Amino acid sequence: MKGFDFANFLSYFGNGFLWEGVVITLWLTAIPMAGGLVLGTFLALMRMSKNRFLRDFASVYIWIFRGTPLLIQLVIVYAGLPQLGIRLGVVPAALLTLTLNETAYLSEIIRSGFMGVPPGQREAAISLGSPPWLVIWKIMLPQAFRLMIPPLGNSVNGLLKATSITSVISMEELMRRSQMLMQEKFDVLEVFMCAAVLYLMMTTAWGLIQRQLEIRFHTESVPVTEEG
Amino acid sequence: MIIQFEKVNKWYGKYHALRDIDLSVSRGERLVICGPSGSGKSTMIRCINGLEEHESGRIVVNNVELTKNRKRLHEIRQDVGMVFQQFNLFPHMTVLENCTFAPTWIKKMSQKDADQVAMHYLERVRIPEQARKYPSQLSGGQQQRVAIARSLCMSPKVMLFDEPTSALDPEMIKEVLETIVDLAKEGMTMLCVTHEMGFARQVADRVIFMDGGRIVEMNAPDEFFRNPTNERTQLFLKQILN
């Protein structure tokens, strides 16, 4: 029995190769999240549109991307599409798949945020003569965003961990780099425990950020000031 | 004639909400609309700025016929102010921002000019000191007065009030009604859905009673209250005045 080498485990926290993996994991989370928010907003608006074609398109998109495993989507994009002559590098394939997948989830969060804004808000805005884009941008989105922060936080947390799946297409993020290190000395437990702690640090840091966001966006619209 | 309804009909699915509405409102006129709930009074005034679409007949506002043309609708809405039962102030904006939102974004007014206009109207509704607060920090009556100021900032030609005091505590009804009375005295054209009959007596040129999607009675307030001809009007007045 090899046992658990605690000193060895600690030594991996000083490993620059793993920390680079942490950085890669972070942008592999941030970019699809940002892309998903933008595309998800459009998809949510399509889903709520009066136009039947747009509505159906959005529903089918969400149905497919939420209904199939991320792993299969990833393999299809990276290894399947070349069969049709579409060749994507590891990084573009990983970013694209994560973005497309996240878009489906985020659009539903965004849609529920929109639906949580009282209908009177929209009516008041259009009664003042606002065109639809202005109603969405200045009235609906800011209010919907507040409602969206808690579920959005869950999404970030989930995506951060889901990026590890891209290791199967040899995307060199934290998980993949842990596997590579593990194969050098077969410190399976030490390396993966270290990686697990690094993931935990990232999700914990996000938890703190989310808490701040919740406080800020809640108090911003209801500041406490003295009467007068 | 600033507003004209000709044989307007509206359905919600199978429910016939407005039946053959004919109505003309001239500039400067003040109409009070009352009737039991579900009689179509809110629906009627919401048709004037296209919040509800009518299925047949014609509605002409300020010489422009309401159609599905989006751009025209936005123009009409800039000329027609609306005040809602639930105030519908934007909670993420201060009182001042609520008032300058439409002038700056839609009329492309400079922030400075818009602030000035907003303060002018906030003074008229007698709450300039609340300009920096958020709606949630105000009482219902104050919120409704801000909503009135917000509409006035777009210099509307007509004001629509959809039960403006129904969501208010009794002690706040007076302050809101006084604001509307002031506005009426200045010659603003207005249509007001309300059950405040004292208010109707005080400001209305005509009082309209609706029932089952129809206008069943329309008269000057004196006549309306003294000699209601329609049976349902009589019953309604008896209930509401006791």
Side-chain angles (χ1 to χ4, degrees), chain A residues 37 41 45-46 48-54 109-110 112-150 152 212-228, chain B residues 42 45-46 48-53 68 70-94 97-107 129-130 132-139 146-147 150-156 158-160 162 167:
Chain A
L37 275 176
T41 302
L45 292 173
M46 285 164 77
M48 291 182 290
S49 160
K50 280 183 192 159
N51 182 316
R52 182 146 183 219
F53 172 77
L54 293 178
I109 292 175
I110 293 166
S112 74
F114 271 105
M115 293 194 311
V117 178
Q121 290 291 311
R122 192 183 141 267
E123 289 185 351
I126 64 175
S127 293
L128 289 164
S130 314
W133 69 266
L134 186 61
V135 179
I136 292 166
W137 185 242
K138 298 299 280 186
I139 306 300
M140 303 295 284
L141 262 181
Q143 296 186 62
F145 188 67
R146 278 182 58 192
L147 302 171
M148 279 153 38
I149 293 173
L152 222 51
Q212 287 309 308
L213 280 176
E214 279 173 30
I215 291 170
R216 190 172 146 214
F217 278 91
H218 189 70
T219 52
E220 200 175 55
S221 44
V222 194
V224 183
T225 54
E226 69 282 11
E227 281 300 306
Chain B
S42 287
I45 71 163
R46 284 162 62 89
I48 297 171
N49 66 352
L51 283 182
E52 305 286 350
E53 281 177 15
K68 286 188 177 165
R70 284 267 185 92
K71 192 150 177 275
R72 258 197 205 171
L73 207 50
H74 296 153
E75 282 162 15
I76 289 173
R77 283 168 178 159
Q78 293 178 40
D79 284 335
V80 179
M82 182 144 197
V83 173
F84 301 86
Q85 184 177 353
Q86 300 294 343
F87 332 135
N88 298 348
L89 292 178
F90 307 130
H92 57 303
M93 297 182 187
T94 62
E97 286 164 352
N98 263 277
C99 293
T100 58
F101 165 74
T104 53
W105 282 93
I106 299 161
K107 287 204 165 167
E129 71 283 359
Q130 313 285 359
R132 303 281 164 198
K133 288 195 179 169
Y134 283 85
S136 57
Q137 296 170 288
L138 305 184
S139 72
V146 172
R150 176 175 70 177
S151 284
L152 292 176
C153 284
M154 289 297 278
S155 329
V158 183
M159 284 289 284
L160 308 174
D162 191 359

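Side chains are part of it too, since the values below use all heavy atoms of this structure and drop only hydrogens, waters and symmetry mates. Naming convention: chains lettered A, B, ... in sequence-line order (proteins, then strands); numbering from 1 in each chain. Everything numeric in this text was worked out from a predicted model, so none of it was measured.
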Please report the shortest heavy-atom distance between [X] and [Y], naming the atom on each side.
X      : Y      : answer
A:K138 : B:M93  : O-CE, 3.8 Å
B:A102 : A:L128 : CB-CB, 3.8 Å
A:G129 : B:I106 : C-CD1, 3.5 Å

Sub-3.5 Å donor-acceptor pair from the side chain of [X] to the main-chain atoms of [Y], do we have one?
X      : Y      : value
A:Q121 : B:L89  : yes
B:H74  : A:P132 : no
B:N88  : A:G120 : yes

Euclidean distance, [Y] [atom2] relative to [X] [atom1], rounded to 0.5 Å:
X      : Y      : atom1 : atom2 : answer
A:S130 : B:Q78  : OG    : CD    : 8.5 Å
A:I126 : B:R77  : CD1   : CZ    : 4.0 Å
B:R150 : A:S127 : CZ    : OG    : 8.5 Å

Does any part of the side chain of B:F101, heavy atoms only, come nearer than 4.5 Å to the side chain of A:L134, both counted from C-beta? yes
Please classify the contact of [X] with chain A as side chain, backbone, both or neither, using a heavy-atom distance under 4.5 Å.
X     : value
B:F87 : neither
B:F90 : both
B:R46 : side chain

